[in-house]
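Working notes, beginning with the structure itself.
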There are 2 protein chains.
Amino acid sequence: MSEVVSKKPSRIQRRNRRVILDAALNIFAQHGFRGATLDQIATEAGLSKPNILYYFQGKEDIHVSLLSQLMETWLDPLVELDPYGDPQTEILDYVQRKLDMARDLPRESRLFAGEILQGAPYMGPHLESDLKPLFDEKCAVISGWIDQGKIAALDPQHLIFSIWATTQHYADFEAQVSVLLEKEAANRQRASNHLRALFSALLRPQSPPPSS
Amino acid sequence: MSEVVSKKPSRIQRRNRRVILDAALNIFAQHGFRGATLDQIATEAGLSKPNILYYFQGKEDIHVSLLSQLMETWLDPLVELDPYGDPQTEILDYVQRKLDMARDLPRESRLFAGEILQGAPYMGPHLESDLKPLFDEKCAVISGWIDQGKIAALDPQHLIFSIWATTQHYADFEAQVSVLLEKEAANRQRASNHLRALFSALLRPQSPPPSS
DNA sequence: CGAAAATTTTACCATTTGGTAAATACACGA
DNA sequence: TCGTGTATTTACCAAATGGTAAAATTTTCG
């Protein structure tokens with residue numbers, strides 16, 4: 001018997017699978033699925049191409065493994081949004097967690113972004129089954145806060161979109177951001193301050209009714 | 001002499017170049033540069049592959065043509081931001097223009113996003129030469145408004161990032177948005193209202209100083 | 001019309017790329 | 001240390017892909 005899949009994975013198996021996934025994350029995040037080659041991944045991982053195919057069924061298998069592994073991590077900050085916490089704190093902390101994540105895991109952010117950008121060909125089902133229920137749940141939480149008058153009457157769905165957009169922007173559009181911003185140590189803090197100001201301004205209860 | 005490049009382009013030339021670029025926009029926006037094939041573009045354009053290569057030097061040439069043509073369009077809404085207009089109106093109108101653009105030109109938005117996501121390998125120089133000067137200029141305009149106390153003391157650079165991020169999100173992450181939002185006619189208006197509320201809340205002069 | 005120029009098609013080619021078969025080297029428990 | 005299953009390499013292959021040469025067709029214009 002060979003077949004890597006079944007039984008308990010050996011020490012070498014775990015190490016090499018980890019090495020391959022890490023290398024693939026680098027390559028896929030930079031070039032996208034179709035732009036990445038197995039040879040690139042192999043080189044990055046320090047293994048031969050056939051050796052990589054000993055651990056994974058193929059290029060697609062690696063990609064899918066990466067994506068489903070990523071889903072958990074990606075949802076985590078939203079999972080932590082506590083219905084029983086202070087609304088302002090909860091939302092602003094969520095923003096901060098997402099921003100930290102974009103900063104600490106830019107490769108993952110770009111992998112995700114690339115997948116969505118191309119129409120989520122591999123992650124579509126995951127979005128439906130994992131992301132949507134969580135999204136709906138947390139939108140309901142925010143709606144509850146609004147009904148209780150604890151935050152302004154905003155649009156929960158679009159609020160979350162704006163949080164995702166603004167935070168992930170720093171990872172996904174890093175090539176643009178780095179051209180436009182002088183390299184300063186303070187940039188991270190400025191981004192954090194800005195987003196805090198942006199969303200706390202929106203949350204303040206005395207928001208006016210939308211015109212137009 | 002053949003060589004498409006020089007002299008005045010014929011009727012057929014203009015038509016076919018337009019057809020090819022439009023087809024290529026569809027394909028590149030969906031699959032990215034490396035994910036797109038000349039055969040796909042040819043089929044989409046209703047032309048043969050060699051015929052496409054009669055009008056463009058190669059795949060890269062098509063891509064570059066598309067990107068540089070796009071740059072103008074993309075910068076346009078920011079160009080229109082008027083230093084002598086009312087700050088609130090100017091910024092909120094800019095948000096609206098960007099949102100409209102994401103909605104009306106999703107392919108262009110995704111092409112741009114894909115290029116940046118992969119490190120701007122083709123557009124890097126354009127970012128420096130075209131985008132950065134404009135960005136700096138408009139940041140200065142916003143700074144001026146802040147100094148005059150016309151808007152809150154916000155961070156001009158990151159404000160613009162947030163505007164880009166939130167508006168383009170609807171085009172670039174459409175695959176995700178469409179999973180999470182029920183298909184309603186009102187979605188566009190809700191997004192518009194949300195962003196208006198978001199940024200007008202930030203602009204209001206009585207914003208508090210950032211803590212932390 | 002008729003010839004020259006522009007356009008399009010047909011038939012290729014070289015390289016890249018995902019993937020496989022089989023032989024070889026290695027690890028590890030008995 | 002030996003033997004067995006695990007891990008890795010070597011040597012390939014078929015399909016896809018970007019691109020070209022040259023013949024054939026169509027358009028343009030005097």
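Lettering of chains follows the sequences in order, A, B, ..., and the numbering in each one begins at 1.
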Does R34(B) make a side-chain N or O approach to OP1 or OP2 of dT17(C) shorter than 4.0 Å? yes
Counting only side-chain N and O atoms of Q13(A), is one of them less than 4.0 Å from OP1 or OP2 of dA7(D)? yes
Let me know the distance between CD1 of I52(B) and C1' of dG18(D), rounded to the nearest Å. 12 Å
Could you tell me if S192(B) and Q96(B) have a donor-acceptor pair between their side chains, going purely by distance under 3.5 Å? yes
May I have the distance from R15(A) (atom CZ) to dA27(C) (atom P), rounded to whole angstrom? 10 Å
Would one find a side-chain N or O of Y54(A) under 4.0 angstrom from OP1 or OP2 of dT8(D)? no
Separation of D39(A) atom CG from dC12(D) atom C1', in whole Å? 14 Å
Just to be sure I understand the rule, does L53(B) reach a base, reach only the sugar-phosphate, or reach nothing, if contact means heavy atoms closer than 4.0 Å? base
Using whole Å, what does the distance between atom P of nucleotide dT16(C) and atom NE2 of H31(A) come to? 16 Å
Please report the distance, rounded to the nearest Å, between CZ in F33(B) and C1' in dG18(D). 10 Å
Any N16(A) side-chain N or O less than 4.0 Å from OP1/OP2 of dT6(D): no
Among the candidates dA11(C), dG18(C), dG18(D), find the nucleotide nearest to the side-chain atoms of T37(A). dG18(C)
How about N193(B) and Q189(B): does a side-chain donor come under 3.5 Å of a side-chain acceptor? yes
Ring centroids only, cut at 6.0 angstrom: are F135(B) and F161(B) within range, meaning strictly under it? yes
Regarding A42(B), tell me which of base, sugar-phosphate or nothing describes its non-hydrogen contacts under 4.0 Å with the strands shown. nothing
For this output row, return yes or no: ring centroids of H158(A) and Y170(B) closer than 6.0 angstrom. yes
Closest to side chain of Y55(A), choosing from dA7(D), dG19(D), dT17(D): dA7(D)
In whole angstrom, give the distance that lies between atom CG of D61(B) and atom C1' of dG18(D). 14 Å
Report which part of the nucleic acid S48(A) touches: base, sugar-phosphate, or nothing (heavy-atom distance under 4.0 Å, all strands). base
For the pair made of NZ in K59(B) and P in dG19(D), what is the distance, rounded to whole Å? 8 Å
Rounded to whole angstrom units, what separation is found between the CG atom of L38(A) and the C1' atom of dT9(D)? 16 Å
Within 6.0 angstrom of E184(A) CD, more than 12 heavy atoms from elsewhere: yes
Donor-acceptor pair under 3.5 Å, K49(B) side chain vs dG18(D) base: yes
Any N51(A) side-chain N or O less than 4.0 Å from OP1/OP2 of dT10(D): no
